[in-house]
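I have placed the structure first, in the form of structure tokens, so that the comments after it can refer back to it.
Note that the coordinates shown come from a computational prediction; the quantities given were computed from them, not determined experimentally.
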Amino acid sequence: MNEEQVWELMVKMHHHTISMPEAEKLNDWIQQHAANRQLAESMSKILRNTDVVPETQKYNTEKAWIQVEKRIAPDLKTKYLTPLVFRWAAAAILTIGFIGIAYWQMNNVPRAIELTSVSTQARELRKIVLPDGTQVWMNAHSSISYPTDFDADSLRVVRFTGEAFFEVTHNPKKPFVVKSEDYHTRVLGTSFNVRLTENEASVMVLSGKVRFSYNEDGMPKSSVDIEKGYQAVANKNHQLVKSGLVNMNTLAWRTGILEFKNETIAHVIKDLSQHYHVSIQSQIDEPQEYLFTGTIEQVSVETALETICYSLHLRWKKTPHGYLISNR
């Protein structure tokens, strides 16, 4: 939205004429950036101090006088009021009305939305607790923005990019929504892992149930319900594909544990590369013949490679671009 559109919605909110879709649009814009929040707070302050009245709500003075005269004329005429007194009486009625309107506005101004933002850097993991008790474990290169309290709205909405594991406090009266620019994840109370990056959008559910949706221009285009033990991934066309057989190694960034049960070396290398954020290439004849079972827990990538290669009688070495595993 441009500044003019934001002003229009802020004035509508100030005068309680804003629609629900407009309020959601404004709230989404405010939560996108700290700069948006500061601008909204400044606008709200100006509106409170100047009591701006939208064009559609400006009073027509002449029509107001006519209406007031019509209402009080019979009573005033029976009491033989002079024209001057008549005008004074009408002015008093208008003044009382304006004071009443001003008092109602001053006592019904929406509270400014206060947001808290948290970000993680490279190789940084962080745990935070939201105002409702929801626990969030954030992976590296992630950011979250959320209200300082969830009491002011019917939803618990957070803005998020990156990867995080959520344990959401159950509250059926206030659904919990994780929003990014294009994707929404809506839950009541559950635990799930969400990855929302430029290259991937996915949700994996460990307990409860969530609804994962793709949005375009603020409107949902497709959605899928995901139950415990299932996951959904968005393909290049933003179609949401649901599947089972959740790979728990996806959570190794939080648990520090990689578990393999009779997995091919190709699968093992893929999980190692993702977990340690390194490139691991292979030069293995008949790789399907090499199956690994074991647990890699809280060790360096080189210790992990040594453990796996020793078990499968393979070799590994460090290269300028990462690591290489071979059987030669």
Side-chain donor-acceptor contact under 3.5 Å, T148 with T116 | no
Over all atoms of both residues, closest heavy-atom pair of N327 and D285 | ND2-N, 3.2 Å
Reported CG-to-CG distance for the pair N193 and L251, which is rounded to 0.5 angstrom = 5.0 Å
Going through the checks in order, is the side chain to side chain donor-acceptor pair (under 3.5 Å) test met by S279 and Q281?
-> CA-CA 7 Å; S279 173; Q281 303 298 321; 3.1 Å; yes
Go through the steps to decide whether L188 and H170 satisfy the test side chain to side chain contact (heavy atoms under 4.5 Å, CB included), and finish with yes or no.
-> CA-CA 6 Å; L188 293 178; H170 185 74; 4.2 Å; yes
From CA spacing to verdict: side chain to side chain contact (heavy atoms under 4.5 Å, CB included), R315, C309 = CA-CA 6 Å; R315 296 177 180 178; C309 289; over 6 Å; no
Taking a hydrophobic cluster as the set of Ile, Leu, Val, Met, Phe, Trp and Tyr residues connected by side-chain heavy atoms closer than 4.5 Å, whether directly or through intermediates, do V203 and V224 fall within one such cluster?
-> yes
Any donor-acceptor N or O pair under 3.5 Å, side chains T197, N199 = no
In the hydrophobic clustering that connects Ile, Leu, Val, Met, Phe, Trp and Tyr at side-chain heavy-atom distances below 4.5 Å, which members other than Y323 occupy its cluster, ordered by chain and number?
-> L258, F260, I265, V268, I269, L272, Y276, V278, I280, I284, Y290, F292, I296, V299, V301, L305, I308, L312, L314, W316, I325
Worked check of side chain to side chain donor-acceptor pair (under 3.5 Å) between E200 and S202 | CA-CA 6 Å; E200 182 179 351; S202 64; 3.1 Å; yes
Ignoring hydrogens and geometry, is there a side-chain-to-backbone donor-acceptor pair from T293 to N262 under 3.5 Å?
-> yes
Going hydrophobic residue to hydrophobic residue with side-chain gaps under 4.5 angstrom, can you get from V233 over to Y230?
-> no
Just jot down the side-chain contact (heavy atoms from CB on, under 4.5 Å) partners of T120, sequence neighbours excluded, or say none.
-> E124, R126, M138, S142
Closest non-hydrogen atom pair between L240 and S223, with its separation | CD1-CA, 3.8 Å
Determine, stepwise, if the pair D271 / N249 fulfils side chain to side chain donor-acceptor pair (under 3.5 Å).
-> CA-CA 7 Å; D271 283 0; N249 286 344; 3.0 Å; yes
Compare every heavy atom of E163 with every heavy atom of T250, then report the nearest pair and how far apart it is.
-> O-OE2, 4.1 Å
Can V205 be reached from V136 by stepping across I, L, V, M, F, W or Y side chains whose heavy atoms are under 4.5 Å apart?
-> yes
T307 side chain vs T303 backbone, donor-acceptor pair below 3.5 Å | yes
With sequence neighbours left out, what residues match A201 under side-chain contact (heavy atoms from CB on, under 4.5 Å)?
-> Y183, L196, F212, A234
Is a side-chain N or O of N237 found less than 3.5 angstrom from the main chain of Q239, in a donor-acceptor match?
-> no
Point-to-point distance, once rounded to the nearest 0.5 Å, from CD1 of I226 to CD of Q231 | 8.5 Å
Pair L206-M248, side chain to side chain contact (heavy atoms under 4.5 Å, CB included): steps then yes or no = CA-CA 9 Å; L206 271 69; M248 293 301 296; 4.0 Å; yes
Do I144 and V177 sit in the same hydrophobic cluster, where Ile, Leu, Val, Met, Phe, Trp and Tyr count as joined when their side-chain heavy atoms come under 4.5 Å apart?
-> no
Between NZ on residue K317 and CG on residue L324, distance to nearest 0.5 Å | 5.5 Å
Is E227 salt-bridged to K242, cutoff N-O under 4.0 Å?
-> yes
Same apolar cluster (I L V M F W Y, side chains within < 4.5 Å links), L125/F165 | yes
H184 vs V178, side chain to side chain contact (heavy atoms under 4.5 Å, CB included): CA-CA, chis, key distance, verdict | CA-CA 6 Å; H184 292 180; V178 179; over 6 Å; no
Donor-acceptor pair, side chain of T169 and main chain of T134, under 3.5 angstrom | yes
Rounding to 0.5 Å, atoms NE2 (H275) and NZ (K270) come to a distance of 16.0 Å
Heavy-atom nearest pair, P147 first then P131, reads O-CG, 3.4 Å
Mind telling me whether F166 and F160 have parallel, tilted or perpendicular rings, with 30° and 60° as the class edges?
-> perpendicular
Q135 side chain to L130 main-chain N or O, any donor-acceptor pair under 3.5 Å?
-> no
Looking only at heavy atoms, which two atoms of H238 and S222 are closest? And how far apart?
-> O-OG, 3.8 Å
R156 NZ/CZ over F176 ring centroid, <6.0 Å and within 45° of normal = no
d(F192 CZ, K209 NZ) to nearest 0.5 Å is 15.0 Å
Atom CE in M204, atom CG in N247: separation rounded to 0.5 Å?
-> 7.5 Å
Please assess S180 against T161 for the test side chain to side chain donor-acceptor pair (under 3.5 Å), listing each intermediate value before the final yes or no.
-> CA-CA 6 Å; S180 68; T161 58; over 6 Å; no
